[in-house]
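Worksheet: one structure, shown below.
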2 protein chains.
Amino acid sequence: MVLPTANVSERLYAPPSLAISTVIFSIRNGTVDQDEPGLGELWLPLVRRTRPPYVDRWALPGGPIAWDESLEDAAHRNLHETTQLRPRYLEQLYAFGAVERSPDLRVVSIVYWALVQADEAAKATEGDNVSWFAADDVPRLAFDHNEIVEYALWRLRTKVEYSTIAHNFLGETFTLAQLREVYEAVLGRRIDPANFRRQMRASKDLVATDQTVTGGKHRPPRLYRFGETEAPQTTPPSSSTL
Amino acid sequence: MVLPTANVSERLYAPPSLAISTVIFSIRNGTVDQDEPGLGELWLPLVRRTRPPYVDRWALPGGPIAWDESLEDAAHRNLHETTQLRPRYLEQLYAFGAVERSPDLRVVSIVYWALVQADEAAKATEGDNVSWFAADDVPRLAFDHNEIVEYALWRLRTKVEYSTIAHNFLGETFTLAQLREVYEAVLGRRIDPANFRRQMRASKDLVATDQTVTGGKHRPPRLYRFGETEAPQTTPPSSSTL
DNA sequence: GCAAAAGTGTTTCCCGTACACCCATGC
DNA sequence: GCATGGGTGTACGGGAAACACTTTTGC
């Protein structure tokens, strides 16, 4: 390990300091592929580092935790500061605390992951130092952030299969086709519309509205909404679906 | 919020400090009940607090993180210091960071949960300030530790149903009856021995040894072992089954 | 009418549960 | 032999996957 500056020893031997980071997922329409038309893709925002270490590398949004905000509040604030967005779902991912994960300081990062609405993410900030990347094709990141992204992706994909979080990529109401496209984008494979419909309708939290969507050149689909039947505990008490 | 000492403001407005805690599970033979004979029970060690806040209350074992040890190492060390035991399974549970979870200092606790071998736990330290309690009947604890225990219990019970961690309550080799008793103790219900056997044998990580156990007044059961077929990712890269 | 997606019905297969039954040991 | 748990066989039922089919819209 390199010891770059003069007062290193003070910092090195100090107790670990604390930070939060966020992995923020959204969905974009897939590149129009000839073979597999219109399968959506997961995207996430990264920030370019302007200070050492890892200057100019892309990294996850993150920062320190204020003395008077909870971890979740800090993640929420951080997410909003970098993307101007409010997540529809936010959950703690993991605390990363390997000794050598940052070259000089010892930092423990508590990482959150979030889902943001697709159409809102489309009009989100994208400046010099914030940019969105396809989740399956992120560049080499600062620190251990590539591992973190991989783990968040794994968690998202697993959780989508046994829970009902997927609708958080969409707005308040949505058609079953839209919801299915979300599942297809996250899982990366086609899903049978007929069976998908039955599974979803079995969910009991999914309630049909009395509205339909006209304008398509086919039978108008019904709009659905997710009722707030409090989900069974899959995360600790403090966390919830916002 | 009470401000107890002179230099409080410095501490209150300082960034959150970091600690780890551990929820350590083991299994004890159930109290011999007439109706339901011999269903095992989950037990966990607690430590009596000797300093404010919450003097004399029971609490989870825990402490600070050294500058040169990983979170997992810190949990491991802490566990060993309080129980003289080495866990057979150790996994991060959650980072608890509500602002008011400790009355004066702001502390973020990264909590690990562990499984220790039943017969080793039996001969573990149990002094004035360390004592084991039935997991379903813990007293009122310091801080938010009751919530933490509840969440760890929930996680243990859920994970036992979809993974193969349960054998970590036992030694290297074990009979299927012993393994079944572990499941019964954790889940709190009887399990059909015939179906249990088939499910386990399907696991493919479970390998039969060529030994059997004699001495029972019945057909001698075979001993099994868990092969190290690296489990599919259910925890981040850093974590593993020790 | 025709295309296209919404929505329904039906069959098949797999897997978990229930439970009857046989096997090997100690006494 | 008999009791006791180890271990096997088998039938039932619910749910997921595959896919044929009907419905409702725009053009």
(request) On DNA chain C, check which nucleotide each of A:Arg180 and B:Asp192 is closest to and give me the residue with the more 5' one. (result)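 Taking each residue's closest nucleotide, the earlier one in sequence belongs to A:Arg180.
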
(message) With a 4.0 Å cut-off on N to O distance, would you call A:Glu184 and A:Arg180 a salt bridge?
(response)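 Between A:Arg180 and A:Glu184 there is a salt bridge, with a charged N closer than 4.0 Å to a carboxylate O.
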
(message) Can you tell whether the side chains of B:Arg225 and B:Asp210 come within less than 4.0 Å, N to carboxylate O?
(response) no

Round to a whole Å and report the spacing from [atom1] of [X] to [atom2] of [N].
X: A:Met200; N: D:dA16; atom1: CE; atom2: C1'; answer: 12 Å
X: B:Arg219; N: C:dC21; atom1: CZ; atom2: P; answer: 18 Å
X: A:Glu181; N: C:dA6; atom1: CD; atom2: C1'; answer: 13 Å
X: B:Tyr162; N: C:dG16; atom1: OH; atom2: P; answer: 17 Å
X: A:Phe196; N: C:dG9; atom1: CZ; atom2: C1'; answer: 20 Å
X: A:Ile191; N: D:dC19; atom1: CD1; atom2: C1'; answer: 17 Å
X: B:Arg201; N: D:dG9; atom1: CZ; atom2: C1'; answer: 16 Å
X: B:Arg190; N: C:dA18; atom1: CZ; atom2: P; answer: 15 Å

Could you check if a side-chain atom of [X] sits within less than 4.5 angstrom of a side-chain atom of [Y], using non-hydrogen atoms only?
X: A:Asn129; Y: A:Val47; answer: no
X: B:Arg88; Y: B:Leu115; answer: no
X: B:Tyr112; Y: B:Leu93; answer: no

Using a 4.0 Å heavy-atom cut-off across all strands, classify [X] as base, sugar-phosphate, or nothing.
X: B:Arg198; value: base
X: A:Gly216; value: sugar-phosphate
X: A:Ala177; value: sugar-phosphate

At a cut-off of 3.5 Å, list every protein nitrogen or oxygen paired with a nitrogen or oxygen from nucleotides 1-3 of chain C, distance to 0.1 Å.
none

(request) Verify the ring-centre separation between A:Phe174 and A:Tyr224: is it less than 6.0 angstrom? (result)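 That pair fails the under 6.0 Å test.
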
(message) Is B:Arg197 close enough to D:dT8 that one of its side-chain N or O atoms is under 4.0 Å from OP1 or OP2 there?
(response)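 Yes.
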
(request) Report yes if at least one side-chain N or O of B:Gln199 is closer than 4.0 Å to OP1 or OP2 of C:dC15; otherwise report no. (result) no

(message) Which label fits B:His145 and B:Phe143: parallel for a plane angle under 30°, tilted from 30 to 60°, or perpendicular past 60°?
(response)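 Tilted, since the angle between the ring planes falls between 30° and 60°.
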
(request) Identify which nucleotide among D:dT8, C:dT8, D:dT24 has an atom closest to any side-chain atom of A:Pro220, counting heavy atoms from C-beta outward. (result) D:dT24

(request) Among the candidates C:dT8, D:dT8, C:dT17, find the nucleotide nearest to the side-chain atoms of B:Asn195. (result) C:dT17

